[in-house]
Amino acid sequence: MKLKWMKSLLVGLFCLFSAVSLLQAEGVNNNQNNTDTSTVVILMGPPASGKGTHGNFISKYFNIPTLSTGDLLRQEVQAKTELGQSVEAAMKNGDLIQDEVIFALLEKQLRQPEYANGFILDGFPRTLNQAKTLDALNLGIDFVVNLQVPDEVVVSRISGRRIHPASGRTYHLETKPPKVAGLDDVTQEPLVQRADDNPESIKKRLQAYHEQTAPASQWYQKMASQKGFVFIQVDATKGIDAISIQLKEQLK
Ligand code: AMP
C-alpha cells in the first residue's frame, strides 16, 4: 500500500516537475524572479460552494484562465477516451481520482500557452498530499481562496443543480430556475444533471472534502505568511455580489 502511494507521488512529481520546468524554461511562470507578472490562485471549497461562479469573477479580474481538474476529467469522460473510461465510475460514485491521473492531466494542460500569465486552480489540490507536492515545485502561489459552506447548504444546492454542459452555465430548480423549465436561457438547449449530483455521491464527496480536502486548506491557512501568499476565507453562503466585493478588496 505504502509502495503504491510512493509510486503515485513520484510519478506525480515527475509529471508536474516537467510541466513547470517547461513553463519556467519559457520564462512564463517563474515567480522567483523579479520580472514575474503572473498570478497563481488556488480556489478551494466543498462541492457547490461556488467555485465556478467565483472562479469566473477572479478569472476576469486578473485576466487569467481557470483550470478545473473536474472539468478536465469530465471532458475525458465525455470524449470516451481510455482515461475517461477508467475514471467514469469512480467520479460517478464521488470518489477521488488517483494522483498520477490528475498530475498527468495537469501537466498536459499547463503546456498550453494560455496559462503563461498565470491561472486559477479549481479543484486542485484536493488532498494534503497534492498540496505538498505542488508546494515542492515553488510555483509561486499568490492567493488561496477558501469558500466555506455548511453541508446542508451543499446538499440543497447540489440536488437542485442543473447545468448547460456546453457553456457550463448553472441553474437551480428553486433559487435560479431557467426561463423555460429544462432549457438553457441562451441556447434553449436541454439542461442536464451532473452524473455525480446524486444523493449517494454527494455524501461521499462531502466525506472526501472533510477528510481529505479540509486538511489541505487548513495547511494553506497555517502556511500563508511563511510561504508569502494571501489566504482568503470566504463565507460562501453570502450573495454573489457581496463575495465579489470581498474578493476585489482582498485580491491585492
Ligand atoms: P469537481 O468538478 O471539482 O467537483 O470534481 C468532480 C470529481 O472529479 C471529483 O468528485 C473527483 O472524483 C474528481 N476530481 C477532480 N479534481 C480532483 C483532484 N484534484 N484529485 C482527485 N480527484 C479529483
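First listed ligand is number 1; within each ligand, the first listed atom is number 1. The basis for the numbers below is simple: all heavy atoms, side chains too, and nothing from hydrogens, waters or symmetry mates.
- For Asp95, every heavy-atom contact with ligand 1 shorter than 4.0 Å involves the backbone, none the side chain.
- Scanning the protein for heavy atoms near atom 22 (N) of ligand 1, the closest one is Ile97 N, 3.0 Å.
- Both Ile102 and Leu139 are members of a single hydrophobic cluster when ILVMFWY side chains are connected at heavy-atom separations under 4.5 Å.
- Contacts between Ile102 and ligand 1, counted as non-hydrogen atom pairs separated by less than 4.0 Å, involve the side chain only.
- Under a 4.0 Å criterion applied to the non-hydrogen atoms of Thr69, ligand 1 contributes the atoms 15 (C), 16 (N), 17 (C), 19 (N).
- With distances taken over non-hydrogen atoms, the option nearest atom 10 (O) of ligand 1 out of Lys204, Gln98, Arg126, Gln130 is Arg126.
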Less than 3.5 Å apart, which donor and acceptor atoms pair up between the side chains of residues 239-252 and the rest of the protein, not counting sequence neighbours?
{"residue": "Ser244", "atom": "OG", "partner": "Ile240", "partner atom": "O", "Å": "3.0"}
{"residue": "Gln246", "atom": "NE2", "partner": "Gln233", "partner atom": "O", "Å": "2.9"}
{"residue": "Gln246", "atom": "NE2", "partner": "Gln250", "partner atom": "OE1", "Å": "2.8"}

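- At a heavy-atom distance under 4.0 Å, only side-chain atoms of Arg194, from C-beta outward, approach ligand 1.
- Of all the heavy atoms of Leu73, the ones lying under 4.0 Å from any atom of ligand 1 belong exclusively to the side chain.
- Other residues, nucleotides and ligands contribute more than 12 heavy atoms inside 6.0 Å of the CD atom of Glu152.
- Of the protein's non-hydrogen atoms, Met91 CE, 3.8 Å is the one closest to atom 7 (C) of ligand 1.
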Exercise for review: Go through the steps for Glu200 and Lys204 under the test salt bridge (charged side-chain N to carboxylate O under 4.0 Å, His left out), then give the verdict.
Suggested key: CA-CA 7 Å; Glu200 295 77 37; Lys204 275 207 177 169; over 6 Å; no
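- Residue pairs meeting the side chain to side chain donor-acceptor pair (under 3.5 Å) criterion with at least one partner in residues 83-93, sequence neighbours excluded, do not occur; the list is empty.
- Among protein heavy atoms, the minimum distance from atom 19 (N) of ligand 1 is reached at Gly123 O, 2.9 Å.
- Contacts of Arg74 with ligand 1, taken as heavy-atom pairs under 4.0 Å, involve the side chain alone.
- When the options Lys203, Arg162, Arg161 are evaluated for a salt bridge (Lys or Arg N to Asp or Glu O under 4.0 Å) with Asp197, the one that passes is Arg161.
- Heavy atoms only, all atoms of each residue included: Phe229 and Asp142 are closest at CB-O, 3.3 Å.
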